[in-house]
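Since the structure comes first, as structure tokens, the remarks are kept for the end.
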Amino acid sequence: MPVLFPHGVVASQESALIVQATLLMLIVALPVFFLLFYFAWRYRASGRGRHMPNWSHSRFDELIWWAVPIEIILVLGALTWTSTHMLDPHKPLSPAGDAMVVQVVALPWKWLFLYPQYGIATLNFVEIPTQTPVEFQITADAPMNSFWVPALGGQIYAMPGMINPLRLSADSPGDYHGVSANYSGAGFADMHFNLRAASRDDFDTWVASVRKGKGVLSAPVYSALRVPGVAATVAYARVQRGLFDRIVGQFLDAGSPMRH
Amino acid sequence: MNFFGTLSIDSFVQTSAVAMGAQVFVIVAATGGVLWLIFSGTLDWLWREWLTSLDHKRIGVMYLILAGIMGVRGLADATLLRTQQATAALPSSGYLSAEHFAEIFSAHGVIMIFFVAMPLIFGLINLVIPLQIRSRDVAFPFLNSLSLWLTVAGALLVNASLVVGQFSAAGWLPYPPLSELAFSPGVGVDYYIWALQIAGVASLISAINFLTTIITMRTHGMRLMHMPMFTWTTLGSMLLVLFAFPLLTVVLALLFFDRALGMHFFTSTLGGNPMMFVNLIWAWGHPEVYILVLPLFGVFSEVVPTFSHKKLFGYTSMVVATMAITALSFLVWVHHFFTMGAGANVNAVFGIATMAIAIPTGVKIFNWLFTMFRGRIVFKTPMLWFMGFVSTFVIGGMTGVLLSIPGADYQLHNSVFLVAHFHNMIIGGVVFGFFAGFTYWFPKFAGFTLDERLGKWAFWLWVTGFLVAFMPLYALGLMGMTRRLYVVDPSWQPLLIVAAVGLAIILAAVAVQIAQLVVSVRNRERLHAGHNPWGSHAPEWAPLPPVDRTHNTGVAMCIGALAFLGGFGMVWHMWWLAILALAVSAVLFILPPFKHV
Amino acid sequence: MSTHQHNHSLFGLWLYILSDCVLFAGLFATFAVLRGQTFGNLSGSDLLHLSTLLVQTLVLLTSSMIIGLTTQAKSRGVILFGLAATFILGLVFIGFEIQEFAGLVAAGAGPGHSAFLSSFFVLVGTHGLHVAVGMLWMLILGVQVWLHGTTHAFSRRLTMLALFWHFLDIVWIAIFSIVYLLSTTL
Amino acid sequence: MKKYLTGFVFSVILTLLAFWVVWVHVASNHAYLPHTFMLWAVVAFALVQLVVQLYFFLDIRPSRDSHTMVPFLLALFIIVVVVGGSLWIMQNLSHSQTTPFRGTPSPQNDLY
């Protein structure tokens with residue numbers, strides 16, 4: 001259960017939130033269960049419970065069950081407000097701004113990862129260093145998808161013409177399952193990838209080995225990727241300059257004042 | 001300009017064996033049914049007594065029959081989905097193709113919401129509301145019949161897609177750009193649009209009808225604060241229909257303009273904004289959930305006092321809670337797309353608003369519990385359904401609150417945890433509530449009660465089946481399984497097999513319910529019930545003066561048939577057919593006032 | 001028909017109109033979101049022709065007043081005259097709109113050319129369609145009063161039509177202000 | 001009779017005022033009247049005219065029966081929520097997601 005037993009700081013906070021909220025709700029839910037079955041047993045027709053057919057309102061009692069849920073929701077609401085701001089996927093994990101950037105493109109039906117700081121790219125798998133905040137900049141050249149690595153933290157939608165940032169970080173080395181969570185057509189079920197978190201040294205070695213490779217992500221290669229279909233994993237040693245910007249920009253209006 | 005639009009002989013060709021089977025089944029069942037009607041001589045009786053009837057009770061029954069038939073279709077779809085997922089653990093890919101699987105899950109959702117759940121509540125409302133407020137009929141009997149037949153037309157369009165062309169494969173709410181022409185070039189999404197557009201208009205007309213009925217036709221002396229709870233919750237639900245369905249109409253129309261007229265509302269090109277679709281459709285979609293569940297809350301407020309032999313506890317609180325839910329349900333729609341990337345303020349505000357709905361809902365539950373307190377509870381099946389409802393609904397409510405916390409939702413959204421949650425609410429709330437109401441009010445209309453023993457069997461099977469089918473999905477969601485997968489990871493297979501067994505138990509429950517109906521009808525002498533078998537004090541149980549027969553008209557059914565043809569014309573771009581159907585319907589609609597000025 | 005029926009229909013229509021307001025709200029929201037997405041084609045300020053718009057607005061406003069006055073009239077002749085006048089003004093209004101739309105399409109600025117144009121055509125067009133339906137209703141009522149004179153049922157229907165027509169004028173206030181006049185602030 | 005004429009006269013005046021403001025603005029080549037002033041003026045005139053027509057043409061006034069007023073107020077509430085909510089949400093969505101090349105020329109795609 002990667003959601004409840006996570007491997008990343010964001011996912012850990014999210015799972016703690018799930019547990020906290022569940023415990024809070026049990027304050028109301030358990031009495032409901034208890035009262036339901038207790039009353040059902042106690043006041044069954046053949047039972048000995050008192051019968052008061054016309055007892056139909058009590059201002060005091062009603063006040064209690066308006067007040068108790070209101071208070072719990074107030075607490076949950078406060079928890080929601082703070083946790084939503086804390087877990088805002090757009091918020092940098094570390095204030096220094098030293099995050100590693102991975103640009104993600106959801107394609108029909110594959111995931112393309114570009115590493116602008118290293119000039120390399122990968123298809124259908126991604127590698128990141130552990131203990132490092134990573135900023136995924138997510139877009140799509142396809143119908144809406146959702147980028148989700150349950151072990152590291154919550155998802156965000158991948159949409160054409162938008163860059164949706166998602167900040168994650170991995171605690172320990174390992175292979176984590178990543179998927180698209182939003183249905184995007186026939187090949188959707190195949191739209192998953194492996195995220196490998198490696199120690200800084202292993203990661204650097206990996207980058208160097210990719211750079212030694214031959215594959216180049218040029219415009220024609222990218223065009224071929226846009227054709228709907230499933231693909232294997234590929235590593236590209238070089239990437240055509242400005243590719244990501246143009247992938248996003250193709251959907252935007254150059255002259256429109258709405259563009260930010 | 002082609003006479004048949006985009007329709008050609010190829011449109012009838014289905015690609016897979018399962019799809020072909022469905023096609024043949026629909027054709028055989030439809031022709032068989034029609035032939036049987038003609039040759040058994042029942043057609044005339046059916047036409048006179050039922051199809052043309054404007055009597056709210058008969059219209060109610062016909063809604064329930066429609067829901068029953070479509071329910072079988074929806075369950076068949078569910079069976080295909082569950083068996084596919086249980087068998088398609090990689091490297092096996094099951095027996096359904098990805099496209100076909102997508103069509104089935106789309107159809108399952110659409111059918112269950114629009115053509116099962118909605119007709120179920122409209123059926124109950126039709127049967128009970130006029131009796132509860134003790135009026136002769138609804139305010140506009142003709143429009144009532146029209147609503148029914150438009151709903152039927154929508155349902156037929158969905159089924160027509162089994163025979164000609166295919167249904168939408170973009171989910172029950174077809175998010176663009178996937179649902180745009182570029183990615184869904186077939187007619188599937190168009191079938192979806194027109195089936196819902198027609199059924200949506202029907203719902204809107206019904207809402208106007210019942211609101212007018214409840215507001216202006218209550219019996220002398222029944223003030224608002226004297227209305228039975230079912231009438232109150234229906235009032236809330238119909239207000240939601242009135243104000244939410246226009247948004248569905250808008251969003252579907254805009255999607256159709258994109259697809260058919262090359263406009264750019266939700267395309268990703270030329271400035272269209274797919275997120276606006278998501279925003280607008282959920283502004284309808286969230287109230288829709290409460291449209292479905294509110295009337296059933298009303299049912300429980302009738303059932304619990306009756307079987308506890310006690311007055312409903314906290315009537316005023318109940319009314320306040322109902323109206324609070326009605327208003328709040330319009331303030332929460334963003335929780336369906338927290339993960340689309342809005343800022344923390346937007347997400348937090350809508351998350352907190354969502355949780356706030358738990359307050360009036362919780363109050364309702366406590367009021368029901370304290371109606372049981374110091375009562376004399378008799379556990380007839382309607383009361384059992386109530387027990388089942390509270391037990392399951394509380395679980396669903398808790399998972400719902402979890403999903404409404406954006407931080408948690410990032411991890412739960414679009415997983416099968418979400419699927420488990422909404423089935424939890426719809427089955428535990430709407431379906432169980434309907435069964436409670438159906439069993440409770442059945443003797444009022446049939447003159448005899450339903451068989452208790454089989455009813456209890458059905459209840460236990462349903463509850464067990466529900467738990468076995470959906471609890472595993474909560475766990476699978478936490479394991480990272482997303483919804484709508486036609487092939488699955490092998491590690492998920494054991495729990496998916498359990499879920500499939502759960503569905504089998506539910507199917508057994510449905511079989512028992514059908515048997516219950518048959519057995520009860522056969523034993524109706526023994527099950528004969530007086531005019532008030534449960535000893536209820538609610539107004540609908542008091543004997544009514546005999547109603548003078550309302551006059552019949554086939555016009556509504558004709559307009560329904562024309563709506564089907566018009567929708568079919570729209571789907572296949574046979575514009576002449578659509579225009580003709582609209583024009584003839586307009587004439588049919590306009591003419592009657594000329595007759596009795 | 002009893003006064004009871006009167007209340008039903010009028011109340012039912014009132015509910016329908018309120019529901020229709022929400023429909024327009026959806027279209028306005030869409031327009032507001034998409035109005036900057038012009039993609040090099042015409043923008044809102046290009047569509048603003050103050051004099052035509054003013055004439056169009058005053059025509060619809062006048063027609064709204066006339067139909068209101070018509071509901072107060074008793075004689076068949078006056079009612080027929082009122083209906084005819086409203087109808088003609090509605091026709092003039094629709095005429096302006098068709099002329100505008102046709103001009104835009106001819107100039108290569110049809111509804112398929114940008115998200116802004118899509119939302120403009122559909123919002124304004126939906127209002128125009130409502131006006132057309134109102135005119136059809138007027139035509140029907142005109143025939144009825146011509147054939148049967150003023151009955152109780154007729155005056156109920158006339159009141160309902162007037163209510164509908166006033167509603168269309170109110171929607172138009174929002175359209176000329178938001179869609180047209182405010183386009184200069186973009 | 002009188003209420004229609006009063007409503008009409010008021011509406012005409014309000015319409016003319018709104019047009020006049022815009023006309024001054026446009027004719028002066030956007031020199032006269034600042035944008036924001038014009039925006040609020042047009043909105044204000046529209047709102048007042050809305051109230052005028054509701055009052056004089058549709059007879060919507062606080063003293064009306066609750067059957068008419070309650071659904072009306074509910075509709076008003078929902079319109080505000082749907083339009084306001086949609087604008088807030090959509091604005092927020094496009095602001096919190098960045099798009100590249102601020103100010104750079106059009107990426108006319110030489111990509112494919």
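A, B, ... follow the sequence lines: proteins, then strands. Residue 1 opens every chain. Side chains are part of it too, since the values below use all heavy atoms of this structure and drop only hydrogens, waters and symmetry mates.
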Heavy-atom distance under 4.5 Å to chain C: side chain of [X], backbone, both or neither?
X         : answer
Leu204(B) : side chain
Leu239(B) : neither
Leu254(B) : side chain
Leu280(B) : side chain

* Asked: So, do Phe245(B) and Val22(C) sit near enough that their side-chain heavy atoms are less than 4.5 Å apart?
  -> no

* Asked: If contact means a heavy atom pair closer than 4.5 Å, which residues of residues 106-128 of chain C contact chain B?
  -> Pro111(C), Gly112(C), His113(C), Ser114(C), Ala115(C), Ser118(C), Ser119(C), Val122(C)

* **Residues in residues 54-78 of chain C that sit under 4.5 Å from chain B, counting heavy atoms only** => none

Which atom of [X] lies closest to which atom of [Y], heavy atoms considered:
X         : Y         : value
Leu242(B) : Ser19(C)  : O-OG, 3.1 Å
Thr216(B) : His8(C)   : OG1-CD2, 3.2 Å
Leu23(C)  : Val250(B) : O-CG2, 3.4 Å
Phe11(C)  : Leu211(B) : CE2-O, 4.1 Å

* Asked: Which residues satisfy the ring-ring contact (aromatic ring centres under 6.0 Å, His included) test with Phe24(C), sequence neighbours excluded?
  -> His130(C)

* Apply side-chain contact (heavy atoms from CB on, under 4.5 Å) to the pair Trp137(C) and Ile590(B), showing each step before the final yes or no. => CA-CA 9 Å; Trp137(C) 193 352; Ile590(B) 291 162; over 6 Å; no

* To do: Name the option with the most non-hydrogen atom pairs under 4.5 Å to chain C; the candidates are Val251(B), Ile215(B), Thr249(B), Leu261(B).
  => Ile215(B)

* Select all residues of residues 265-279 of chain B having any heavy atom within less than 4.5 Å of some heavy atom of chain C, and report them by number, or 'none'. => Phe265(B), Leu270(B), Gly271(B), Gly272(B), Asn273(B), Met276(B)

* chain B contact via Ala29(C) - which portion, at a heavy-atom distance below 4.5 Å -> both

* Asked: Among Asn41(C), Leu136(C), Leu27(C), Asp20(C), who wins on heavy-atom pairs under 4.5 Å with chain B?
  -> Leu27(C)

